[in-house]
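Nothing fancy with the numbering, it's 1 onward along the sequence. This one's a predicted model, so the numbers in the text were calculated from it and none came from an experiment.
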Amino acid sequence: MKRLYFIILALLALLGTTAEAVIRPDAVEVPIIMYHKVTKDNSQLGKFAITPDELEADFQFIQESDYTPVTMEALINFVKNDGTLPDKPLVLTFDDGYFSDYRYLLPLVRRYQIPVVSSIIGKTTDAYTEEAREDIIYPHLIWPQVEEMALSGLIEIQNHGYDLHQSVRGTAGAKKRHGESRDAYAERLEADLMRLQTAVEKRLGTAPTTFTYPFGAKSEESDAILQTLGFEASLSVEGKRNLVIRGEPDCLFSMGRIIRPHGRTVEQILAS
């Protein structure tokens, strides 16, 4: 009997699902793919940068596959508001708000009608908006581009922190600093995250629902603090698939994501 159980688990793994997702009708397995920069500069290609052709190949595969891309809003609605999800949902996330989200991603999203998530950094968005540059080597988005992306109805804008992409006294991102009290930590996170929440809501009419941890750096208290600030989900960089369960909002926090590096297609990632 025990041997049969493990055989069933192995078969489910080959089918790309889990035992719990099959046994529980209120649970859906959701892989989340993590992208960063898209570039034609071969010297930048690697773990955090792929080519426009690679991205389009991913979109072509997804369009022809059984996977259906969804946004974080769809996952939240499934868990909290009796929303529905397709049989094989997939979330495509793009971190850091690179200009390539506008230059390369937006046209492909429109062409293939595939929804994605773009998590922007507040400080860089403000800084580059002030410079008012719009050329092909322009590294980060400006606010009018963020607005155009959101107006497409296919790119969901989420919060990647205002100024958390740094290391202070050896502590990176949103992680609690050495010797920092919980209250001080909560106040620091609130000041940073709500600054970007306010800016996005002012420009787009709605505030982000999800916080994407810079570098994946977080502490034990982080998700609880996010919930008090009104966030409904958070994204980590842990390379795992997720089980989204109706009525269990905690499953939406510290969700795992699988990085898409140069040279490894989304088809290969989803098959592994």
Just to verify, what does Phe231 make a ring pair (Phe, Tyr, Trp, His ring centres under 6.0 Å) with, not counting sequence neighbours?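 For Phe231, no residue satisfies ring pair (Phe, Tyr, Trp, His ring centres under 6.0 Å) once neighbours in sequence are set aside.
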Going by heavy atoms in the side chains, are [X] and [Y] under 4.5 Å from each other?
X      : Y      : answer
Val38  : Thr51  : no
Leu226 : Phe253 : yes
Phe211 : Leu193 : yes
Met255 : Leu75  : yes
Asp58  : Tyr35  : yes
Arg188 : Asp183 : no
Val28  : Phe78  : yes
Pro208 : Thr210 : no

Residues 39-55 vs salt bridge (Lys or Arg N to Asp or Glu O under 4.0 Å), sequence neighbours excluded, gives Glu54-Arg260
Closest non-hydrogen contact found for Leu108 with Pro52 is CD1-O, 4.3 Å
On a heavy-atom basis, which atom in Gly239 and which in Ile258 lie closest, and how many Å separate them?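 Minimum heavy-atom contact is C-CG1, 4.3 Å.
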Expected list for residues 89-96: side-chain donor-acceptor pairs under 3.5 angstrom, two or more places apart:
from: Thr93; atom 1: OG1; to: Ile33; atom 2: O; distance (Å): 2.9
from: Thr93; atom 1: OG1; to: Arg257; atom 2: NH1; distance (Å): 3.0
from: Asp95; atom 1: OD1; to: Arg257; atom 2: NH1; distance (Å): 2.8
from: Asp95; atom 1: OD2; to: Arg257; atom 2: NH1; distance (Å): 3.3
from: Asp95; atom 1: OD2; to: Arg257; atom 2: NH2; distance (Å): 2.9
from: Asp96; atom 1: OD1; to: His160; atom 2: NE2; distance (Å): 3.0
from: Asp96; atom 1: OD1; to: His165; atom 2: NE2; distance (Å): 3.1

If we count only N and O atoms by modelled type, under 3.5 Å, do the side chains of [X] and [Y] hold a donor and an acceptor together?
X      : Y      : result
Tyr112 : Glu56  : yes
Glu73  : Thr209 : no
Asn242 : Glu29  : no
Tyr185 : Ser222 : yes
Arg246 : Thr84  : no

Residue set satisfying side-chain contact (heavy atoms from CB on, under 4.5 Å) with Thr228, at least two apart, ordered chain then number -> Ile225
side-chain hydrogen bond (donor to acceptor under 3.5 Å, both in side chains) filter on Asp192, not counting sequence neighbours, yields none
Quick check for you: to the nearest 0.5 Å, what is the distance between Thr125 atom OG1 and Glu130 atom CD?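 It is 11.0 Å, given to the nearest 0.5 Å.
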Note to self: Checking His140 against Phe99 for the ring-ring contact (aromatic ring centres under 6.0 Å, His included) test, could you report, in this order, the C-alpha distance in whole Å, the side-chain angles of both residues, the deciding distance, and whether it holds?
What the structure shows: CA-CA 4 Å; His140 285 277; Phe99 173 65; over 10 Å; no
Side-chain donor/acceptor pairs under 3.5 Å, residues 147-154, sequence neighbours excluded:
from: Glu147; atom 1: OE2; to: Arg203; atom 2: NH1; distance (Å): 3.2
from: Glu148; atom 1: OE1; to: Tyr102; atom 2: OH; distance (Å): 2.8
from: Ser152; atom 1: OG; to: Met149; atom 2: O; distance (Å): 2.5
from: Ser152; atom 1: OG; to: Leu154; atom 2: N; distance (Å): 3.1

Check the pair Lys176, Glu220 against salt bridge (Lys or Arg N to Asp or Glu O under 4.0 Å), reporting the backbone distance first and the verdict last. CA-CA 9 Å; Lys176 186 178 179 182; Glu220 184 179 347; over 6 Å; no
Measure from NZ or CZ of Arg111 to the centre of the six-membered ring of Phe59, then state whether that distance is under 6.0 Å and the direction lies within 45° of the axis.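 Judged by the rule (NZ or CZ under 6.0 Å from the ring centre, within 45° of its axis), Arg111 is not positioned above Phe59.
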Under 6.0 Å from the ring centre and within 45 degrees of the ring axis: does the NZ or CZ of Lys123 meet both conditions for the six-membered ring of Tyr162?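 No, Lys123 does not lie over the aromatic ring of Tyr162.
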